[in-house]
There are 2 protein chains.
Amino acid sequence: MGRIEYKQYDRFLLAVDCIIFGFDGSGLKALLVKRGLEPEAGKWSLMGGFAQQNESIDDAAARILLNLTGLDKIYMEQLYCFGDLDRDPGGRVVSIAYFALIKIDASDNDKLEEHQAKWIDLKKLPPLVFDHKRMIKLAKERLQQKVSNHPVGFELLPHKFTLQQLQALYEAIFERSFDKRNFTRKILSLGILQRLDEKEKASSKKGAFYYVFDKKKYKQLESEGIQMI
Amino acid sequence: MGRIEYKQYDRFLLAVDCIIFGFDGSGLKALLVKRGLEPEAGKWSLMGGFAQQNESIDDAAARILLNLTGLDKIYMEQLYCFGDLDRDPGGRVVSIAYFALIKIDASDNDKLEEHQAKWIDLKKLPPLVFDHKRMIKLAKERLQQKVSNHPVGFELLPHKFTLQQLQALYEAIFERSFDKRNFTRKILSLGILQRLDEKEKASSKKGAFYYVFDKKKYKQLESEGIQMI
DNA sequence: GCAAAAGTGTTCGTTATACACCCATGA
DNA sequence: TCATGGGTGTATAACGAACACTTTTGC
């Protein structure tokens, strides 16, 4: 069985664009770069690149993320394939968008500078090339949906975090506020948080307990379908 | 701004594969064809084809669906992009899967025969080429999710239908049974069904009222986020 | 001792679930 | 008149939403 059967069909450039989310304690942020390629070079853009024949699309996405952030083994999920005729004025390019969740201070600053990358609050997005704003919008909706049913939000927080940080994250993702008592009760009742003896003392005199996410307990629940919010 | 900037990058064959769902009153069905192309010609397969440069990916999906069923303006949604290296032994092909919901008796039978297409119960799937079984599995999960929040199930039923038909559809999609009284109350409370004066008399002596889906009422609710099940 | 954030319970309304009988009709 | 599927109500449990005060401690 050869690899020649399909030669008469059209071939496409495949871009992979990454919506990289981060959280710094206040707003939800996306990591944007200054586009290095014509057309539209110098404009704000998602980090992207072209897929190569010798890698899967998932691998291409991981490569592009690694290239920008120096990070590996990151939570990443395919978002959508954008295939409109005229989405890229530089040519017929079909783009497969991925979204990633990273700890905002874990990435390699030298690499970020290389690409003139910046964390930009989702509420203050500058004009973006092509259909990248639409991609971010869709990614945010998917993140909301995802985080409602799966504890992926922890990917955006430091290893240990306070309940207030967690709540601030949810409030940033959903752009609404939650009642502190209800939120705490709900989250703790899931049984996937483990309280440490250690307290965060920087932001209050009393100090707030740190928690860590207990992946083992979560895995038990995952199959049953968890309701986070 | 020319269309030459990207010429040094790899190009890909893009397949579009359609998971076409139908419902015949008992089980949930998928429309499968005998593959007409090497490799694996003659094996059961999803209906698919290659995308062309002069059409959007969405248009390619619509073209492929039309080609098989003769149907147009069908509920269709992009499912996922499958991009593993070795998913198609005939070559490096990235496939974008779409799922469609059609009324099972609306399609053009001549066209179905041309492609040796058959409606096959999802619980009795034969071996399928490539990763098509995985595509169907994912499509079913997405359908369940979709139908929980949006009244797309109506796309699978005749224009007028009884509550029992609707319940049977939901039971087929979710592979579980619902309590008749609770189901009826829930569905009617949404206010998107309109009862006709007409009854279906074939399957009972008393006869069951026909309902139609009131799209206008639904559109009002849609933005708020509806909870179907 | 006071300012500032942490932590904690109760009430109420809504929603989901479980469950069984009468109705209308054609044969 | 009886067999068949159609149609309907109620009681209980679970969950989500609203709401305010006490605790700790560094200054």
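Just so it is clear: chains get the letters A, B, ... in the order the sequence lines come, proteins before strands, and each one is counted from 1. Side-chain atoms are counted along with the backbone in the values below, which use heavy atoms only and exclude waters and symmetry mates.
- Note: CG (A:L163) to C1' (C:dT8) measures 12 Å, nearest angstrom.
- Under the side chain to side chain donor-acceptor pair (under 3.5 Å) criterion, the residue pairs touching residues 17-27 of chain A are A:D17-A:S95, A:D24-A:S26, A:D24-A:K29, with sequence neighbours excluded.
- The distance between atom CZ of A:F183 and atom C1' of D:dA18, rounded to the nearest whole Å, is 17 Å.
- The interatomic distance linking B:L166 (CG) with D:dG6 (P) rounds to 13 Å, in whole Å.
- Among residue pairs with one or both ends in residues 191-202 of chain B, those qualifying as side chain to side chain donor-acceptor pair (under 3.5 Å) are B:K160-B:E198, B:E200-B:S203; sequence neighbours excluded.
- Rounding to whole angstrom units, CD1 of residue A:I187 and C1' of C:dG7 are separated by 16 Å.
- Per the geometry, CZ belonging to B:F209 stands 14 Å off C1' belonging to D:dG5, to the nearest Å.
- Residues passing the side chain to side chain contact (heavy atoms under 4.5 Å, CB included) test with A:K137, sequence neighbours excluded: A:E141.
- In terms of position along DNA chain D, the nucleotide closest to B:T184 lies nearer the 5' end than the nucleotide closest to the other residue of the pair B:T184 and A:K186.
- Judged by distance alone with a 3.5 Å cut-off, a donor-acceptor contact links the side chain of B:R185 to the base of D:dT10.
- The aromatic rings of A:H132 and A:F130 sit perpendicular to each other, their planes meeting at more than 60°, with 30° as the lower class boundary.
- The distance from atom CD of B:Q165 to atom P of D:dG5 is 15 Å, rounded to the nearest whole Å.
- Note on B:Q164: a side-chain N or O is less than 4.0 Å away from OP1 or OP2 of D:dG7.
- Taking the six-membered ring for Trp, B:F82 and B:Y80 have ring centres closer than 6.0 Å.
- Annotation: of the two residues near DNA chain C, A:E200 and A:D179, the 5′-most nearest-nucleotide partner is A:E200.
- For A:L188 and C:dT8, the CG to P distance is 8 Å, given to the nearest whole Å.
- Separating the CD atom of A:Q167 from the P atom of C:dT8 is a distance of 14 Å, rounded to the nearest angstrom.
- Residue pairs satisfying the salt bridge (Lys or Arg N to Asp or Glu O under 4.0 Å) criterion with at least one member in residues 68-82 of chain A, sequence neighbours excluded, are listed as follows: A:E77-A:R142, A:E77-A:K146.
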Using the 3.5 Å cut-off, write out each protein N or O paired with an N or O of nucleotides 20-27 of chain D and the distance between them.
{"from": "D:dT23", "atom 1": "O2", "to": "A:K206", "atom 2": "NZ", "distance (Å)": "3.1"}

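- Nucleic acid contact class of A:S203 (heavy atoms, under 4.0 Å, all strands): sugar-phosphate only.
- Residues meeting the ring-ring contact (aromatic ring centres under 6.0 Å, His included) test with A:Y211, sequence neighbours left out: none.
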